[in-house]
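For reference, the structure is listed below as structure tokens.
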Amino acid sequence: MGLELYSKVEEYLGLEDEVKELHSYFLSIVFKKQLDDIIDIGCGQGAFMMHLRANEVSAYGIDLSVEQVKICQAHGLRADAIALNEVEDKFSCATAIFDVINYIPKTSLEDFFKDTANILKDNGYFIFDVNSLFGFEEIAQGSLNIKLDDKFIGIDAFFEDNELKTDITYFEKTKNNLYIKEEDSITQYYHESKSLNLMLKNAGFIVEDVTNFNLHTDDEADKLIFICKKS
Ligand SMILES: C[S@@+](CC[C@H](N)C(=O)[O-])C[C@H]1O[C@@H](n2cnc3c(N)ncnc32)[C@H](O)[C@@H]1O
């Protein structure tokens with residue numbers, strides 16, 4: 001899957017304000033519940049862990065993308081490019097922020113939740129966001145072309161049968177004025193609240209709260225934020 005190519009284009013997508021807003025919201029939950037000792041699953045380039053570090057909250061990150069984890073490590077953050085089921089320690093809280101859960105196919109999601117429960121201490125929290133159907137149909141779909149001095153990025157996202165397929169095309173100018181082209185795709189999966197609730201229950205979580213969240217628009221909630229507790 002195109003996670004490595006995504007890591008190359010992420011900074012050009014113009015999502016900084018939205019990501020900051022989402023991170024602020026997650027941070028407010030961390031403060032309210034006085035959480036510490038956090039594992040950030042799908043930590044990306046470590047922006048949320050940097051907020052945690054600035055507030056003296058200890059954090060460890062994992063991500064499947066080696067390139068994203070290298071960026072975390074360059075910032076002095078504790079992070080590894082390993083899968084969730086390879087994590088050996090136990091934490092008081094797990095976060096999965098900005099679509100991470102939508103990257104997991106429905107058939108693997110209950111196991112993913114069980115693996116999350118396994119790395120949490122008793123009464124540990126699991127806090128994550130997912131895209132609503134509105135978020136997929138009305139916000140995430142569409143095309144975007146970004147032209148920079150030495151790069152050209154094409155993004156084409158199409159939602160069908162509860163899956164968003166995003167094709168990424170990336171051209172980068174070389175020293176002799178030729179372009180290198182890379183292409184890949186990412187699939188994200190829409191998960192209905194009802195099936196999320198059932199899978200969380202089966203994995204040993206109690207859902208404490210689900211909040212409708214307007215990240216990209218004021219029209220309708222494009223995300224849901226789940227706060228779950230290991231029972
Ligand atoms: C949109 S980025 C969000 C990054 C970060 N959480 C943030 O808030 O900025 C989604 C991240 O999830 C990672 N990811 C996708 N599937 C994953 C999995 N099964 N385990 C760990 N990370 C995963 C991707 O590599 C990517 O870095």
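Whatever order the structure lists ligands and atoms in, that order sets their numbers, starting from 1. Nothing here was measured: the structure is a model prediction, and the numbers come from that model.
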Could you state the interatomic distance from [atom1] ([X]) to [atom2] ([Y]), rounded to the nearest 0.5 Å?
| X | Y | atom1 | atom2 | result |
| --- | --- | --- | --- | --- |
| E172 | L178 | CD | CG | 13.0 Å |
| I119 | E86 | CD1 | CD | 12.0 Å |
| K229 | E208 | NZ | CD | 5.5 Å |

Measure from every N or O atom of ligand 1 to the protein's N or O atoms and keep only the pairs below 3.5 Å, writing each with atom names and distance to 0.1 Å.
from     : atom 1 : to  : atom 2 : distance (Å)
ligand 1 : 6 (N)  : G42 : O      : 2.7
ligand 1 : 6 (N)  : I97 : O      : 2.8
ligand 1 : 8 (O)  : H23 : NE2    : 2.8
ligand 1 : 8 (O)  : I97 : O      : 3.4
ligand 1 : 25 (O) : D63 : OD1    : 2.6
ligand 1 : 27 (O) : D63 : OD1    : 3.4
ligand 1 : 27 (O) : D63 : OD2    : 2.7
ligand 1 : 27 (O) : Q68 : NE2    : 3.4

For this session: Please find out if less than 6.0 Å separates the ring center of F134 from that of F136.
Result: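 Between F136 and F134, which both carry aromatic rings, the centre distance is not below 6.0 Å.
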
Exercise. How about F31 and F26: are their ring centroids closer than 6.0 Å?
Worked result: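 No, too far apart.
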
Exercise. Quick one: side-chain hydrogen bond (donor to acceptor under 3.5 Å, both in side chains) pairs with a partner in residues 109-118, sequence neighbours left out?
Worked result: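 Listed once each, the pairs are E110-K114, E110-N202.
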
